[in-house]
Amino acid sequence: MRVLVTGGAGFIGSHTVLALAAAGHDPVIADNFSNSKPSVLPRIEELAGRPVTLHEVDLTDTAATDALFAAGGFDAVIHFAGFKAVGESVAKPALYYRNNIDSTLSVLDAMVKHGVSRFVFSSSATVYGEKAPVPYREDWEFLEATNPYGQTKVMIERILTDVAAVNEGWKVALLRYFNPVGAHASGRIGEDPNGIPNNLMPFVSQVAVGRRDRLTVFGDDYPTSDGTGERDYIHVVDLAAGHVAALDHLDAMATPARAFNLGTGTGTSVLQIVRAFEAASGRPIPYDVGPRRAGDLPTSYADATRAREELGWTAKLSIEDMCADSWRWQSNNPEGFPS
Ligand SMILES: NC(=O)c1ccc[n+]([C@@H]2O[C@H](COP(=O)([O-])OP(=O)(O)OC[C@H]3O[C@@H](n4cnc5c(N)ncnc54)[C@H](O)[C@@H]3O)[C@@H](O)[C@H]2O)c1
């Protein structure tokens, strides 16, 4: 399939472009580099062993998005484009609603107009909110989120479900990611956050490489194995494979829209990650324990049964693989991608 990968220059998108190319699909990237750099493209092409087309376009621009589809000949869309920093979304909610919802709507309008009916969406475990029981199951109906970023995911899932219901032949996979980490095993592409990382693994890897002094662990009095928060970390290469599995499954889906958790089904604590990263890097990770962070849950992990049974997909890579691959990327590229 010729697949439009929106946000394909970003962390998860770039790894998914490689997985699509390896599976014989033809990925085309659309990105405005608001949170990525053009220098990722030659590295994607080097790893894919073939040229990959990239269109620099802001998908909130409906005319530009329509022109992209008019010339594209796409069979499917995987929609990664969006802003994702929870803290920033609290400070600038309108920016997040505008970018995430408008970009989705212009892509959907263009799909309807140009007859593209297969869609894979980057949703998040954040849609389970604070009340869903752990492990999270896709049949939990009361989706809510505790911040504007998460609300955009809840709203977009709703929009996609409604649009798929009324457009003949539409198939939409709502992929709820848990905590994507790691990097391509080559160390050539990986996560390159702007500013201070919000997430644990990039922060830990920046401490290991000397870009930051110490880690703050937000709370060690949770009801978990060692008191620190537990999350379901999933290697980005496994996550990328989950997109290919979802894409290949779309036509066989019994309902127009369906949600799938992409996680391992296991929680790993902050301190377990710190120890695994120290082992992978051979560097100490100094840390302080601070107070709990508002809105953080003690533990979060997937029930990964549906993806296994229906997509034939399971995560294969371990915490050790995630740390080793993150470290290879970080130590080979201490400042991320070249500007
Ligand atoms: N990384 C995570 O922890 C995580 C977890 C759950 C869900 N997700 C979702 O997965 C998707 C990809 O995440 P990521 O970690 O790869 O993020 P990322 O920021 O690395 O990638 C997103 C890409 O989208 C581009 N983009 C943003 N707005 C755009 C617009 N209006 N037009 C064109 N391009 C635009 C950015 O430049 C960037 O390259 C996002 O939708 C994110 O919300 C991420």
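Whatever order the structure lists them in is the order used to number ligands and atoms, beginning at 1. For this chain, numbers begin at 1 and follow the sequence in order.
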Query raised in the report: So which heavy atom in the protein is nearest atom 25 (C) of ligand 1, and how far is it from that ligand atom?
Result: D31 OD1, 3.4 Å
Requested in this report: Tell me whether the guanidinium CZ or amine NZ of R292 lies under 6.0 angstrom from the six-membered ring centre of Y222 and within 45° of its axis.
Outcome: yes
Query raised in the report: Is E191 close to ligand 1, meaning an N/O of one under 3.5 Å from an N/O of the other?
Result: no
Query raised in the report: Do P180 and ligand 1 have an N or O pair less than 3.5 Å apart?
Result: no
Query raised in the report: Are R231 and Y301 in a cation-pi contact, defined as NZ or CZ under 6.0 Å from the six-membered ring centre and within 45° of the axis?
Result: no
Per-pair distances, 0.1 Å, donor-acceptor, side chain in residues 1-10, under 3.5 Å, sequence neighbours excluded:
residue : atom : partner : partner atom : Å
R2      : NE   : G72     : O            : 2.6
R2      : NH1  : D26     : OD2          : 2.9
R2      : NH2  : G72     : O            : 3.4
T6      : OG1  : H79     : ND1          : 2.7
T6      : OG1  : F80     : N            : 3.0
T6      : OG1  : A81     : N            : 3.1

Report task. Please confirm whether N100 comes under 4.0 Å of ligand 1, counting heavy atoms of the residue only. Result -> no
Query - Of K153, E157, Q151, the residue whose pairing with L143 passes side-chain contact (heavy atoms from CB on, under 4.5 Å) - result: E157
Report task. Could you tell me if any non-hydrogen atom of K153 lies under 4.0 Å from any atom of ligand 1? Result -> yes
Query raised in the report: Below 4.0 angstrom, N of the basic side chain to O of the carboxylate: do R118 and D251 qualify?
Result: yes
Query raised in the report: Would one find an N or O of I12, backbone or side chain, under 3.5 Å from an N or O of ligand 1?
Result: yes
**Report entry** N/O separation below 3.5 Å, K84 to ligand 1
**Finding:** yes
Query raised in the report: Can you list the ligand 1 atoms lying under 4.0 Å from a non-hydrogen atom of Y149?
Result: 6 (C), 7 (C), 8 (N), 9 (C), 42 (C), 43 (O)
Requested in this report: For D325 and A183, work out which heavy atoms get closest and say how close.
Outcome: CB-O, 3.3 Å
Query raised in the report: Among protein heavy atoms, which lies nearest atom 20 (O) of ligand 1, and at what distance?
Result: F11 N, 2.9 Å
Query - Any N or O of A30 closer than 3.5 Å to N or O of ligand 1 - result: no
Query raised in the report: Of the protein's non-hydrogen atoms, which lies at the shortest distance from atom 31 (N) of ligand 1, and what is that distance?
Result: N99 OD1, 2.8 Å
**Report entry** Residue D58 vicinity, atoms of ligand 1 by number, heavy atom under 4.0 Å
**Finding:** 30 (C), 31 (N), 32 (N)
Query raised in the report: So between S122, S36, G10, S123, whose heavy atom ends up nearest atom 7 (C) of ligand 1?
Result: S123
Report summary line: shortest atom 19 (O) of ligand 1-to-protein heavy-atom contact is with N35 ND2, 2.6 Å
Report summary line: Shortest non-hydrogen pair, T126 vs N147, comes out as OG1-ND2, 4.3 Å
**Report entry** Check: F80 N/O within less than 3.5 Å of ligand 1 N/O
**Finding:** yes
Query raised in the report: Nearest to atom 29 (C) of ligand 1, what protein heavy atom do you find, and at what distance?
Result: N32 OD1, 3.4 Å
Query raised in the report: Going by an N to O cut-off under 4.0 Å, is there a salt bridge joining R50 and E45?
Result: no
Query raised in the report: Quick one: does N100's side chain have a donor or acceptor within less than 3.5 Å of a partner on F83's backbone?
Result: yes
Report summary line: Looking only at protein heavy atoms, what sits closest to atom 32 (N) of ligand 1 is L59 N, 3.0 Å
Report task. Flag the pair E138 and R258 as a salt bridge only when some basic side-chain nitrogen lies within less than 4.0 angstrom of an acidic carboxylate oxygen. Result -> no
**Report entry** For V57, atoms of ligand 1 separated by under 4.0 Å from a heavy atom
**Finding:** 32 (N), 33 (C)
Query - Nearest neighbour of atom 22 (C) of ligand 1 from the list S34, G82, S124, G13, on a heavy-atom basis - result: G82
Report task. Using atom types as modelled and distance alone, determine if a side-chain donor or acceptor of N261 lies under 3.5 Å from a backbone N or O of G263. Result -> no
Report task. Kindly assign one of parallel, tilted or perpendicular to the pair H184 and H15, based on the angle between their ring planes and the thresholds 30° and 60°. Result -> tilted
Query raised in the report: Can you list the atoms of ligand 1 that are under 4.0 Å from a heavy atom of F33?
Result: 37 (O)
